[in-house]
Student: 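Would you mind keeping the following structure in view while I ask a few things?
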Amino acid sequence: MLLFAAVIAVPLAMNIGLSFTRWQGVGSPDWVGLDQYRTLLADTTFWVSFRNNLALIVAMAVIPTFVGLLLATALFDVVAKRFGDRTTSVLRASFYLPQLLPAVVAGVVWGWILHPEYGSANALLRFLGLDSWAQNWLGDEKTALLSVMAVLVWIQIGYPLVIFMAGLQRVDPELYEAAEIDGASWWQRLWSVTVPQIRPEIFVVLLTCTIAALKSFDKIFVLTRGGPGGSTNVPAYFSFQNFFEKANVGYGAAIATVLTLIIVGLTFLFLRVQSGKERS
């Protein structure tokens, strides 16, 4: 309880309190009531950053969950049977490896890969004679967000893969055998047997990955710093900008408070849906 109070409760209460003030980090805060929130609701930059955050949810939660489910099922149901557990373990570890890398390290490496002049991505395209496809991947508003999304998919995909493979261990093999005897194809077994049986794991992955996407800061900071032109800015980084770069502490606290409320609301919604599914 003491640790919770020191690390979470007290800082959260202080942040909420600061969101009702106008403060530059020095001197005494000036109480302004709900002015920061009124400003926030009319701030187009915040809404653009929130829209960008929805794209990150797709990249960190939706796509990795879907692809991770396919890969986990393929490794568990196909690769393990044909090539053995050792090959399956090696492939599983390979997919999970990006999760072990510090986000800053992964961001720096991908910054090198996507560099417009000496990056290996453009070098490969030029080597293949596709010079027109070479882009300033992280420096162009048209490609920056998509490039960040691709990097996040690469980083995130191993997490649902491992969770789903663990969930598949508890599925009764007789269910698959019965479905196969009835003539069900691999896809039919996936959607009719696998998905219903590991639904709790799917909810956990979607919830944790969505929260991680909403809190995304380090990858954005390393890769693009919210640019170009705010095309990759997200609420967590926007809050940081106001806290430390613009010395607008009260406004940064208001952004952080709104983001916290969104995360808590989504968590409550996910848990309610999951509990409803379990009861049914």
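The chain is numbered in sequence order, starting from 1. Only a predicted model underlies this, so the values are computations on that prediction, with no experimental measurement involved.
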Student: Could you check whether atom CH2 of Trp31 has more than 12 heavy atoms from other residues, nucleotides or ligands sitting under 6.0 Å from it?
Tutor: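 Yes, CH2 of Trp31 has more than 12 neighbouring heavy atoms, counting only those of other groups under 6.0 Å.
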Student: Would you kindly confirm whether Leu54 and Ile211 end up in one hydrophobic cluster when ILVMFWY residues are joined by side chain heavy atoms under 4.5 Å apart?
Tutor: yes
Student: Measuring only between side-chain heavy atoms, which start at C-beta, is Phe243 closer than 4.5 Å to Ile255?
Tutor: no
Student: Parallel, tilted or perpendicular, judged at 30° and 60°: which one describes the rings of Tyr251 and Phe238?
Tutor: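 Correct class here is perpendicular.
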Student: Under the side chain to side chain contact (heavy atoms under 4.5 Å, CB included) criterion, do Leu271 and Phe203 qualify, and how do the steps go?
Tutor: CA-CA 8 Å; Leu271 294 177; Phe203 273 105; over 6 Å; no
Student: Judged by atom type as modelled, is there a donor-acceptor pair below 3.5 Å linking the side chain of Asp43 to the main-chain atoms of Thr45?
Tutor: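 A pair under 3.5 Å: yes.
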Student: Nearest heavy-atom pair of Leu138 and Pro228: which atoms, and what distance?
Tutor: O-CD, 3.5 Å
Student: Checking the side chain of Thr143 only, and the main-chain atoms of Gly139 only, is there a donor and an acceptor separated by less than 3.5 Å?
Tutor: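 No: the side chain of Thr143 does not pair with the backbone of Gly139.
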Student: Hey, any chance Leu146 and Ile157 share a hydrophobic cluster, counting ILVMFWY side chains that come within less than 4.5 Å of each other, even indirectly?
Tutor: yes
Student: Between atom CG of Leu223 and atom CG of Asp218, what is the distance when rounded to the nearest 0.5 Å?
Tutor: 9.5 Å
Student: With a 3.5 Å cut-off and no angle check, do the side chains of Asn233 and Gln241 form a donor-acceptor pair?
Tutor: yes
Student: Kindly assign one of parallel, tilted or perpendicular to the pair Phe240 and Phe244, based on the angle between their ring planes and the thresholds 30° and 60°.
Tutor: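 Phe240 and Phe244: tilted rings.
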Student: Determine yes or no for a side-chain-to-main-chain donor-acceptor pair under 3.5 angstrom, with Thr232 supplying the side chain and Gly227 the backbone.
Tutor: yes
Student: Are any of the side-chain heavy atoms of Leu56 and Val148 separated by less than 4.5 Å?
Tutor: yes
Student: Can you tell which of Ile202, Val205, Leu168 makes a side-chain contact (heavy atoms from CB on, under 4.5 Å) with Ile163?
Tutor: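 Passing option: Val205.
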Student: How about Thr257 and Thr260: do any of their side-chain heavy atoms sit closer than 4.5 Å?
Tutor: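 The answer is no, as the side chains (C-beta and beyond) never meet within the 4.5 Å cut-off.
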Student: Measure the CD-OG1 distance between Gln36 and Thr21 for me, rounded to the nearest 0.5 Å.
Tutor: 7.0 Å
Student: Between Pro160 and Pro64, what is the shortest heavy-atom contact and its length?
Tutor: CG-O, 3.3 Å
Student: How many angstroms lie between CG in Asp172 and CD in Glu177, if you round to the nearest 0.5 Å?
Tutor: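 Reported to 0.5 Å precision, the distance equals 8.0 Å.
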Student: Do the side chain of Thr88 and the main chain of Gly84 share a donor and acceptor less than 3.5 angstrom apart?
Tutor: yes
Student: May I ask you to establish whether Arg225 and Phe221 are in a cation-pi arrangement, using a distance under 6.0 Å from NZ or CZ to the six-membered ring centre and at most 45° from the ring axis?
Tutor: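 That pair qualifies as a cation-pi contact.
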Student: Nearest 0.5 angstrom please: Leu259 CG to Asn15 CG, how far?
Tutor: 10.0 Å
Student: Counting neighbours of CD on Glu174 that are heavy atoms of other residues, nucleotides or ligands and sit closer than 6.0 Å, is the number greater than 12?
Tutor: no
Student: Nearest heavy-atom pair of Gln135 and Asp140: which atoms, and what distance?
Tutor: OE1-OD2, 4.5 Å
Student: Within this structure, what is the OG1-CZ distance for the pair Thr194 and Arg189, rounded to the nearest 0.5 Å?
Tutor: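 CZ of Arg189 is found 8.0 Å from OG1 of Thr194.
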Student: Consider only side-chain N and O atoms of Ser19 and Tyr37, and report whether a donor and an acceptor are under 3.5 Å apart.
Tutor: yes
Student: With a 4.5 Å cut-off on side-chain heavy atoms, are Thr210 and Thr267 touching?
Tutor: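 When only atoms from C-beta onward are counted, Thr210 and Thr267 do not touch, as no gap falls below 4.5 Å.
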Student: List the steps and the verdict of side chain to side chain contact (heavy atoms under 4.5 Å, CB included) for Lys219 and Leu152.
Tutor: CA-CA 8 Å; Lys219 294 94 171 175; Leu152 293 179; 3.7 Å; yes
Student: Any side-chain to backbone donor/acceptor pair from Gln99 onto Ile155? Under 3.5 Å, distance only.
Tutor: yes
Student: Tell me whether the rings of Trp110 and Trp154 are parallel (<30°), tilted (30 to 60°) or perpendicular (>60°).
Tutor: perpendicular
Student: Using the rule that two of Ile, Leu, Val, Met, Phe, Trp, Tyr join whenever any of their side-chain heavy atoms come within less than 4.5 Å, decide whether Val162 and Leu97 are in one cluster.
Tutor: yes
Student: Find the distance between CG (Leu128) and CH2 (Trp133) and round it off to the nearest 0.5 Å.
Tutor: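 If we round to the nearest 0.5 Å, Leu128:CG and Trp133:CH2 are 9.5 Å apart.
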Student: Is it true that Glu201 and Arg170 make a salt bridge, defined as a side-chain N closer than 4.0 Å to a carboxylate O?
Tutor: yes
Student: Could you check whether any side-chain N or O of Ser239 sits under 3.5 Å from a backbone N or O of Pro235, counting only pairs where one atom can act as donor and the other as acceptor?
Tutor: no
Student: Of all heavy-atom pairs between Val222 and Gly107, which one has the smallest distance, and what is that distance?
Tutor: CG1-C, 3.5 Å
Student: Going through the checks in order, is the side chain to side chain contact (heavy atoms under 4.5 Å, CB included) test met by Leu175 and Gln197?
Tutor: CA-CA 10 Å; Leu175 295 175; Gln197 291 296 313; 3.7 Å; yes
Student: So do the side chains of Ser231 and Leu145 get within less than 4.5 Å of each other, counting heavy atoms only?
Tutor: no
Student: Hey, is the main chain of His115 close enough, under 3.5 Å, to the side chain of Trp112 for a donor-acceptor pair?
Tutor: no
Student: If we only count heavy atoms from C-beta on, is the Arg86 to Ser89 side-chain gap below 4.5 Å?
Tutor: no
Student: Determine whether Val78 and Leu190 fall in the same hydrophobic cluster, where Ile, Leu, Val, Met, Phe, Trp and Tyr are linked whenever their side-chain heavy atoms lie under 4.5 Å apart.
Tutor: yes
Student: So, the side chain of Asn53 versus the backbone of Ala213: is there a donor-acceptor pair under 3.5 Å, distance only?
Tutor: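 Yes, the answer is positive, given that a donor and an acceptor are paired below the 3.5 Å cut-off.
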Student: Show the numbers, then the answer: is there a side chain to side chain contact (heavy atoms under 4.5 Å, CB included) between Val67 and Val153?
Tutor: CA-CA 10 Å; Val67 177; Val153 170; over 6 Å; no
Student: How about Arg51 and Val48: do any of their side-chain heavy atoms sit closer than 4.5 Å?
Tutor: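 SC-SC contact between Arg51 and Val48 confirmed.
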Student: Check whether any side-chain heavy atom of Tyr159 sits under 4.5 Å from a side-chain heavy atom of Cys209, and report yes or no.
Tutor: yes
Student: Please check if any side-chain donor atom of Tyr176 sits under 3.5 Å from a side-chain acceptor atom of Asp77, or the reverse.
Tutor: no
Student: Under 3.5 Å, is there a donor on one side chain and an acceptor on the other for Asn122 and Trp137?
Tutor: yes
Student: Taking a hydrophobic cluster as the set of Ile, Leu, Val, Met, Phe, Trp and Tyr residues connected by side-chain heavy atoms closer than 4.5 Å, whether directly or through intermediates, do Leu261 and Ile8 fall within one such cluster?
Tutor: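 They do not share one cluster, since no chain of ILVMFWY contacts under 4.5 Å joins Leu261 to Ile8.
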Student: Locate the shortest heavy-atom distance separating Arg126 from Ala134; write the atom from each residue and the value.
Tutor: NH2-CB, 4.0 Å
Student: If you take all heavy atoms of Pro98 and Phe95, which pair is closest and at what distance?
Tutor: CD-O, 3.3 Å
